[in-house]
Peer 1: 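Encoded as structure tokens, here's the structure I'll be asking about.
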Amino acid sequence: ARDAQLPLPSCAVLLSPATDIALTGPSIRYNEKADPMFSSGAGDLLPSMYCPGLDRTDPLISPLYGNWSGLPPLYFLAGSTEMLLDDSVRAHDRAQQARTNSRIDVWPDMPHVFPLFSMLPEAKQALGDIVAFIEQHRSRNASLGHEDGHTGGLLAAGDLARAGDVALAVPETSAAL
């Protein structure tokens with residue numbers, strides 16, 4: 001959207017994103033036995049299915065290698081046991097180096113996309129943190145002259161949050177969980 005000069009959302013929340021399909025992060029190796037969701041076999045199989053024959057460092061495939069400037073505020077959440085942990089850590093670092101407002105929370109002993117697992121007590125806190133982040137940036141966006149709280153196509157997270165739900169961005173659409 002930024003490169004096409006389209007309106008950007010007021011912020012973005014990234015749950016354990018895969019930002020490096022080249023799989024160069026050290027956590028791919030050091031968290032292999034601790035990660036309950038992924039294995040090194042998946043790391044070998046998925047890129048060849050997702051981007052066969054393509055350069056895995058192409059920013060369109062691996063955003064880690066792209067331009068992080070001019071993006072809205074970013075909030076990364078990851079679990080400490082994830083093989084993809086370094087994808088979040090390094091992306092957050094790249095965003096900060098590009099002077100993009102970025103925050104990261106790494107939760108001890110939590111699995112990939114843990115905020116989506118309602119049975120985990122930590123998920124409730126993480127979802128609360130997500131809602132607070134979105135509300136903070138929606139409020140700031142409204143104070144800059146966007147009275148309707150426009151979020152660039154996302155569902156109104158604050159309205160859903162008051163109903164006990166959270167809106168998460170899904171490619172080309174939005175969904176309420």
Side-chain angles (χ1 to χ4, degrees), residues 1-20 25 27 37 59-60 62-82 84-177:
R2 178 204 55 212
D3 294 345
Q5 298 180 341
L6 296 172
L8 295 174
S10 59
C11 64
V13 175
L14 299 98
L15 303 180
S16 308
T19 64
D20 179 15
S27 62
M37 295 192 151
L60 295 175
S62 294
L64 179 69
Y65 302 100
N67 177 4
W68 289 84
S69 65
L71 296 174
L74 306 174
Y75 181 22
F76 294 87
L77 289 96
S80 67
T81 63
E82 292 188 57
L84 295 177
L85 171 61
D86 286 329
D87 284 35
S88 291
V89 171
R90 295 184 308 154
H92 164 71
D93 288 344
R94 297 272 168 97
Q96 287 196 315
Q97 290 168 11
R99 299 186 186 271
T100 292
N101 179 348
S102 183
R103 168 183 170 184
I104 187 168
D105 287 342
V106 177
W107 288 68
D109 301 319
M110 288 291 107
H112 183 68
V113 299
F114 76 91
L116 301 181
F117 297 107
S118 61
M119 75 291 269
L120 296 173
E122 294 86 350
K124 183 175 182 176
Q125 176 62 46
L127 289 175
D129 293 348
I130 290 168
V131 169
F133 179 82
I134 293 170
E135 284 297 317
Q136 172 191 0
H137 294 287
R138 281 189 66 214
S139 297
R140 193 188 86 187
N141 198 29
S143 72
L144 294 174
H146 304 284
E147 290 82 14
D148 63 350
H150 177 68
T151 58
L154 292 178
L155 295 175
D159 296 336
L160 294 172
R162 284 187 279 283
D165 297 321
V166 174
L168 299 173
V170 176
E172 299 184 23
T173 186
S174 296
L177 299 177

Peer 1: Mark yes or no for whether Ser69, through its side chain, and Ala98, through its backbone, hold a donor-acceptor pair below 3.5 Å.
Peer 2: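 Judged by distance alone, no pair lies under 3.5 Å.
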
Peer 1: How long is the span from the CZ atom in Phe114 to the OG1 atom in Thr81, to the nearest 0.5 Å?
Peer 2: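 Going from the CZ atom of Phe114 to the OG1 atom of Thr81 covers 10.0 Å.
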
Peer 1: Determine whether Glu122 and Phe117 satisfy the following criterion, side-chain contact (heavy atoms from CB on, under 4.5 Å), listing intermediate values before the conclusion.
Peer 2: CA-CA 9 Å; Glu122 294 86 350; Phe117 297 107; over 6 Å; no

Peer 1: For the pair Tyr75 and Ile104, evaluate side-chain contact (heavy atoms from CB on, under 4.5 Å) and give the outcome as yes or no after the intermediate values.
Peer 2: CA-CA 6 Å; Tyr75 181 22; Ile104 187 168; over 6 Å; no

Peer 1: Cut-off 3.5 Å, side chains only: do Asp129 and Gln125 have a donor facing an acceptor?
Peer 2: yes

Peer 1: Donor-acceptor pair, Asp20 side chain versus Leu64 backbone, under 3.5 Å?
Peer 2: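 Checking the backbone N and O of Leu64 against the side chain of Asp20, no donor-acceptor pair under 3.5 Å is found.
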
Peer 1: Gly79 and Leu85: which non-hydrogen atoms are nearest, and at how many Å?
Peer 2: O-CD1, 3.7 Å

Peer 1: Begin from the C-alpha positions of Leu14 and Leu77 and carry the test side-chain contact (heavy atoms from CB on, under 4.5 Å) through to its verdict.
Peer 2: CA-CA 6 Å; Leu14 299 98; Leu77 289 96; over 6 Å; no

Peer 1: Can you say whether the rings of Phe76 and His92 are parallel (under 30°), tilted (30 to 60°) or perpendicular (over 60°)?
Peer 2: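 The rings of Phe76 and His92 stand perpendicular, inter-plane angle above 60°.
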
Peer 1: When rounded to the nearest 0.5 angstrom, what is the spacing between CZ in Arg2 and CG in Leu71?
Peer 2: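 Output value for this atom pair is 4.5 Å.
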
Peer 1: Identify the heavy atoms of Arg90 and Gly25 that sit nearest to each other, and give their distance.
Peer 2: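 The pair with the smallest heavy-atom distance is NH2-N, 3.4 Å.
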
Peer 1: So does Ser27 get a backbone contact from the side chain of Asp86, meaning a donor-acceptor N/O pair under 3.5 Å?
Peer 2: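 The answer is yes, because a donor-acceptor pair under 3.5 Å joins these two groups.
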
Peer 1: Can you name the closest pair of heavy atoms from Leu74 and Phe133 and give their distance?
Peer 2: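 Heavy atoms only, the tightest pair is C-CZ, 3.7 Å.
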
Peer 1: What are the two closest non-hydrogen atoms of Val113 and Leu15, and how far apart are they?
Peer 2: CG1-O, 3.7 Å

Peer 1: Atom NZ in Lys124, atom OG in Ser118: separation rounded to 0.5 Å?
Peer 2: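 The OG atom of Ser118 is 11.0 Å from NZ of Lys124, to the nearest 0.5 Å.
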
Peer 1: Which pair of heavy atoms, one from Gly66 and one from Pro59, lies closest together, and at what distance?
Peer 2: CA-CB, 3.6 Å

Peer 1: Going through the distances and angles, do Cys11 and Ile134 end up as a side-chain contact (heavy atoms from CB on, under 4.5 Å)?
Peer 2: CA-CA 7 Å; Cys11 64; Ile134 293 170; 4.1 Å; yes

Peer 1: What heavy-atom pair brings Pro72 and Thr100 nearest, and what distance separates the two atoms?
Peer 2: O-CG2, 3.7 Å

Peer 1: Taking C-beta and beyond as the side chain, do Ser102 and Trp68 meet within less than 4.5 Å on heavy atoms?
Peer 2: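 Ser102 vs Trp68: side chains apart.
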
Peer 1: Do the side chain of Arg103 and the main chain of Pro73 share a donor and acceptor less than 3.5 angstrom apart?
Peer 2: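 A pair under 3.5 Å: no.
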
Peer 1: Roughly how far apart are His112 NE2 and Asp87 CG, rounded to 0.5 Å?
Peer 2: 9.5 Å

Peer 1: Is it the case that the side chain of Gln96 and the backbone of Asp93 share a donor-acceptor pair, with hydrogens and angles ignored and the cut-off at 3.5 Å?
Peer 2: no

Peer 1: So, Trp107 side chain and Ala123 main chain: donor-acceptor pair closer than 3.5 Å or not?
Peer 2: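 Absent.
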
Peer 1: For Asp109, does its backbone N or O pair with a side-chain atom of Ser80 as donor and acceptor, under 3.5 Å?
Peer 2: yes

Peer 1: When you measure from the side chain of Thr19 to the backbone N and O of Ala91, does any donor-acceptor pair fall under 3.5 Å?
Peer 2: no

Peer 1: Could you state the interatomic distance from CD (Glu82) to OG (Ser16), rounded to the nearest 0.5 Å?
Peer 2: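 OG of Ser16 is found 3.5 Å from CD of Glu82.
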
